[in-house]
Every structure is written in structure tokens, then in C-alpha cells.
Amino acid sequence: MARRRQIYEGKAKILYEGPEPGTIIQYFKDDATAFNAEKKGTINGKGVINNRISEYVFTRLSHIGIPTHFIRRLNMREQLVRQVEIIPLEVVVRNVAAGSISKRLGIEEGEPLPHTLIEYYYKDDALGDPLVSEEHIACFNWCSHEELQDMSSMAIRINDFLSGMFAAIDIRLVDFKLEFGRIWDGDYARVILADEISPDGCRLWDINSGEKLDKDRFRRDLGGVEEAYREVARRLGLLQNEDSGPGEVLDLNAHRGRLRNTAKPVKK
Ligand code: TMP
């Protein structure tokens with residue numbers, strides 16, 4: 001393959017210049033980090049699964065009218081996306097207490113929240129992505145008031161849709177992280193969903209057993225990490241080969257693990 005210009009290397013992805021102006025290639029790595037990269041590791045096959053899961057989720061979201069950066073999947077580990085100017089905020093949506101909110105506020109993990117919460121974290125690795133308020137966002141002009149409204153209303157719609165989508169395959173959507181970017185049309189900027197949606201940035205619990213099917217298995221050394229990611233893909237109906245592009249076999253069935261339970265994959 002021709003050498004491409006690398007634009008950026010993140011913790012889980014590499015971005016390359018795309019074939020046309022205004023496009024980017026997202027390459028999904030198997031690398032995993034946690035606690036602001038204090039913990040590092042590899043989750044075998046994660047990049048392939050996250051590429052596929054994220055493609056599926058972004059495609060479903062575009063069908064309900066959420067504008068996204070996703071254009072098409074190129075191969076097992078790469079997808080073509082629109083180039084955006086990333087808004088330096090991580091938008092976290094929470095339905096159930098877990099992770100940092102449990103720690104910060106002393107709420108037991110698994111406690112359903114009285115209503116869905118949206119939190120904003122300022123994207124800055126050196127600062128450890130601190131939690132910030134709308135006041136901070138306005139004060140430091142990380143995005144406009146209208147952009148924040150667009151992001152929060154999209155986040156609520158995404159949460160409603162994904163909660164139902166996952167519930168249908170016996171998965172509880174506990175929380176997840178979104179990132180948005182601006183695309184410019186002359187002087188006018190529009191906010192679209194960017195980055196990825198995968199078990200790396202979501203908490204996904206089996207509805208019946210409570211078993212974790214996400215990156216917390218890596219963060220907390222619970223074992224069965226690869227199996228958990230594959231289980232999510234399997235339940236979403238993504239483990240067949242029929243979606244493979246020319247010359248590639250998307251066979252994630254290979255090592256089905258012990259996390260598999262009775263939930264049936266969705267029919268497409
Ligand atoms: P938290 O409980 O650690 O704040 O995480 C909330 C959600 O956001 C969880 O689903 C994991 C996701 N997340 C990321 O995707 N990237 C991050 O850097 C952090 C801290 C959380």
C-alpha cells in the first residue's frame with residue numbers, strides 16, 4: 001500500500017490523510033490504555049471489532065438523523081471519515097452510576113441515576129481530562145452556546161436510541177463518551193458526531209448477569225477482555241462474514257469465549 005501521511009497517533013487510533021481533501025482515514029489499533037495512559041496493554045483483535053462496531057453504530061445513528069463523520073469502512077481496521085475540527089470536550093452520558101461518578105460522589109456502582117446526566121470533560125491529557133461545567137466551557141470559549149446545545153441534544157437522542165438498541169440484545173447501556181467536531185461551510189460551522197462508539201468508551205453490562213462487556217474488564221483486570229468485545233459484536237449480529245469487503249474475511253467467531261450467553265444476535 002502506498003505510504004500515507006500520518007496526521008496524528010492517539011492511544012487507540014492513528015489518523016492518516018484521506019484520499020480526498022476533507023477526509024481522514026481512522027486506523028483502529030489493538031492498543032488499550034486506562035487511567036490517562038498509566039496502564040497500557042493490548043487487546044487482541046480490538047481494533048478490528050471496534051472498527052466494525054463503530055461503523056454499525058454510526059450508520060444506525062445516521063439513519064435517525066444524527067450527522068456523523070463516518071463515510072465508509074475501508075477494511076478490517078480502517079474507516080474513511082470526514083475531517084473535522086475536534087471540539088476539545090468529552091461528552092459523557094450516564095444512566096447508571098459507575099466509574100468516576102461513583103468514586104467522586106460516593107454513589108454505589110449500579111445505582112440507577114434519577115435522570116440521565118450529561119457531563120463535560122476538557123480534553124487535555126496533561127491535565128487528565130478534568131470535569132468541567134458549562135460555565136467553564138463558556139468562559140474559555142471551548143465551543144459556542146449553540147454548539148453546546150446541539151451536542152447535548154444529540155447526546156440525549158443518541159442515548160435514547162442506543163439504550164433501546166442495546167436493551168434489545170440484553171445489554172444495559174450504563175454510560176458512554178462522545179466526541180464532536182466542527183465542519184466548516186464558508187463562515188458557517190456545523191457540529192457532527194466524531195471519533196468512535198465502541199466498548200472502549202461505553203459501559204455495557206449484561207442485563208441478566210450484570211457481567212461487564214466493555215473496557216472495564218481491562219481497566220480492572222477482570223480477564224476475558226477480548227471475549228467481552230467479541231460478545232458485543234456477536235449480539236449486534238456483526239460476526240458473519242457477509243459484510244467483508246473484497247479480499248478480507250471478517251471472522252471474529254474464531255475464539256468465542258466464556259462470556260457468551262443466551263442473548264440472540266439481532267436479525268438484519
Ligand atoms: P468515567 O466513569 O471514568 O468518567 O467514564 C465514563 C464513560 O466514559 C465510560 O463509559 C468510559 C468513557 N471514557 C472514555 O471513553 N474515555 C476516557 O478517557 C474516560 C475517562 C472515560
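Here, residue 1 is the first one in the sequence, and each next residue gets the next number. Values in this document were obtained by computation on a predicted structure and should not be read as measured data. We use all heavy atoms of the structure for the numbers below, so side chains are in, but hydrogens, waters and symmetry mates are not. Start at 1 and go down the list; that is how both ligands and their atoms are numbered.
Salt bridge status for Asp216 with Arg220: present, with a side-chain N to carboxylate O gap under 4.0 Å.
Within the 4.0 Å cut-off (strictly below), a protein heavy atom is located near atom 6 (C) of ligand 1.
For Trp205, there are no ring pair (Phe, Tyr, Trp, His ring centres under 6.0 Å) partners two or more places apart in sequence or in a different chain.
Any N or O atom pair closer than 3.5 Å counts here, and Arg219 shares no such pair with ligand 1.
Close contacts of ligand 1 with Cys202, meaning ligand atoms under 4.0 Å from a residue heavy atom, involve 10 (O). Against a heavy-atom cut-off of under 4.0 Å, Ala98 is close to the following atoms of ligand 1: 2 (O). Residue contact check: Tyr121 has heavy atoms under 4.0 Å from atoms 4 (O) of ligand 1. Those atoms of ligand 1 that come under 4.0 Å of a heavy atom in Arg94, given as number and element, are 1 (P), 2 (O), 4 (O), 6 (C).
Protein heavy atom closest to atom 10 (O) of ligand 1, with residue, atom name and distance, is Asp175 OD1, 2.5 Å.
Of the candidates Phe180, Trp142, Tyr121, Leu89 forms a side chain to side chain contact (heavy atoms under 4.5 Å, CB included) with just one, namely Trp142. With Thr116 as the partner, the side chain to side chain contact (heavy atoms under 4.5 Å, CB included) test is satisfied by one option alone out of Asp160, Ile156, Asp175: Ile156.
Under a 4.0 Å heavy-atom criterion, Glu119 is not in contact with ligand 1.
Heavy atoms from other residues, nucleotides or ligands lying under 6.0 Å from CZ of Arg182 number more than 12.
Considering only non-hydrogen atoms, atom 3 (O) of ligand 1 lies nearest to Arg203 out of Lys215, Lys177, Arg203. Among Ser100, Gly99, Ala37, the residue whose heavy atom lies nearest to atom 1 (P) of ligand 1 is Ser100. Of the options Glu90, Arg104, Lys103, the smallest heavy-atom separation from atom 17 (C) of ligand 1 is shown by Glu90.
Both the sub-6.0 Å distance and the 45° axial angle are not jointly satisfied by Arg77 relative to the ring of Phe28.
Under the side-chain hydrogen bond (donor to acceptor under 3.5 Å, both in side chains) criterion, the residue pairs touching residues 186-197 are Lys13-Asp195, Lys13-Glu196, Lys177-Asp195, Glu196-Ser198, with sequence neighbours excluded.
Separation of the His136 and Tyr120 ring centroids does not fall under the 6.0 Å cut-off.
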